[in-house]
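This report refers to the structure that appears directly beneath it.
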Amino acid sequence: MLIAGNWKMNGDLKAVRTFADQVAAGIDRAGAVGLLICPPGLLAQPMLGAVAKAGLEGRMGVGIQDCHASASGAHTGDTAAEMAADAGCSHIIVGHSERRADHGEDDATVKAKAEAVLRAGLVAIVCIGETEAERRGGTTNAVLSRQIRGSLPDGATSANCIIAYEPVWAIGTGLTPSLDDIRDAHAHIREIAGERVDAASLQILYGGSVKPGNAGEIMGLEGVDGGLVGGASLKAEDFLGIAEAAA
Ligand code: PGA
């Protein structure tokens, strides 16, 4: 089980310090559940410092939310996976639906970024998920298949890649699929990803409006190996509540 927080474009230095201290104070609630927090790139290094200072080193990893496919070069505003590795990060999220929508990232772009994550020796969290129209149109499984086949990096294994299933319509909306739909989507993802990686050991996270109140039933589903949490990861209390429910 892994509970990964995605702060998106939120937070500041004060929030970083408060978060790490509060997580440390309640860490027993998380039991054996793995913890990861992905703040905005500029806050990753302060977060690593705060995690160490709070005594959470080795207990809560730090990641970033995107990277460039190249290791260096003339790419204004971008961050290389190697830089995240150098800073001490462990994971990089790629292909989040907000990146796909706001920055026109297609499966080929996401795949190239995921390959950069592997090249840097980090773990890629590859995000996939259908839109509301796709779910209504009955094409969810087809969309997920296409995204998995198109976005999983060459060299993917269940040790260096995690898939996050995030229905676009469930992100930040308070809506979640039915438990049956989540279970079915995870089973489908595991089957298709199994063409490339060891299906049994692949971690598949669910993301989209996860909160302490629904985490227990979602994380308890067969085939759900953790959560990718946006809004509720901004508050240590909620983040720990979700981890506690997963434990
Ligand atoms: P949410 O976001 O938990 O705020 O719905 C999830 C995500 O986008 O990773």
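Note that the structure is predicted; figures quoted are calculated from it, not measured. Numbering of ligands and ligand atoms starts at 1, following listing order.
- Proximity of K211 to ligand 1 is not established, as no heavy-atom distance is less than 4.0 Å.
- Taking atom 4 (O) of ligand 1 as the reference point, the nearest protein heavy-atom neighbour is G231 N, 2.8 Å.
- The OG1 atom of T140 sits 7.5 Å away from the CD atom of E134 when rounded to the nearest 0.5 Å.
- Side-chain atoms of D198 and S158 include no donor-acceptor pair closer than 3.5 Å.
- For atom 1 (P) of ligand 1, the candidate residues are S233, G230, G174; the nearest heavy-atom contact is made by G230.
- Using 4.0 Å as the threshold, G208 has a heavy atom nearer than that to some atom of ligand 1.
- If you take CD1 on I64 and CG on L42, they are separated by 11.5 Å, rounding to the nearest 0.5 Å.
- Near H96, the atoms of ligand 1 lying under 4.0 angstrom from a non-hydrogen atom of the residue are 7 (C), 8 (O), 9 (O).
- For the pairing with I92, the side chain to side chain contact (heavy atoms under 4.5 Å, CB included) check across L122, V123, D66 returns one residue only, L122.
- Counting heavy atoms under 4.0 Å from ligand 1, residue I171 touches it through both backbone and side chain.
- For the residue pair Q65 / W7, no side-chain donor-acceptor distance below 3.5 Å is found, with atom types taken as modelled.
- At least one heavy atom of G172 lies less than 4.0 angstrom from ligand 1.
- Defined by atom type and a distance below 3.5 Å, a donor-acceptor pair is present between the side-chain atoms of S145 and H188.
- Applying the 4.0 Å criterion to heavy atoms of N6 picks out, from ligand 1, the atoms 9 (O).
- Nearest protein heavy-atom contact of atom 2 (O) of ligand 1 is K8 NZ, 3.2 Å.
- Residue A170 places a heavy atom less than 4.0 Å from ligand 1.
- For the 3.5 Å distance criterion, the side chains of S151 and R100 qualify, holding a donor opposite an acceptor.
- The single protein non-hydrogen atom nearest to atom 9 (O) of ligand 1 is E166 OE2, 2.6 Å, given as residue, atom name and distance.
- Neither side chain, Q147 nor Y165, offers a donor N or O lying under 3.5 Å from an acceptor on the other.
- Of the polar atoms of S209, at least one N or O is found under 3.5 Å from an N or O of ligand 1, judged by distance alone.
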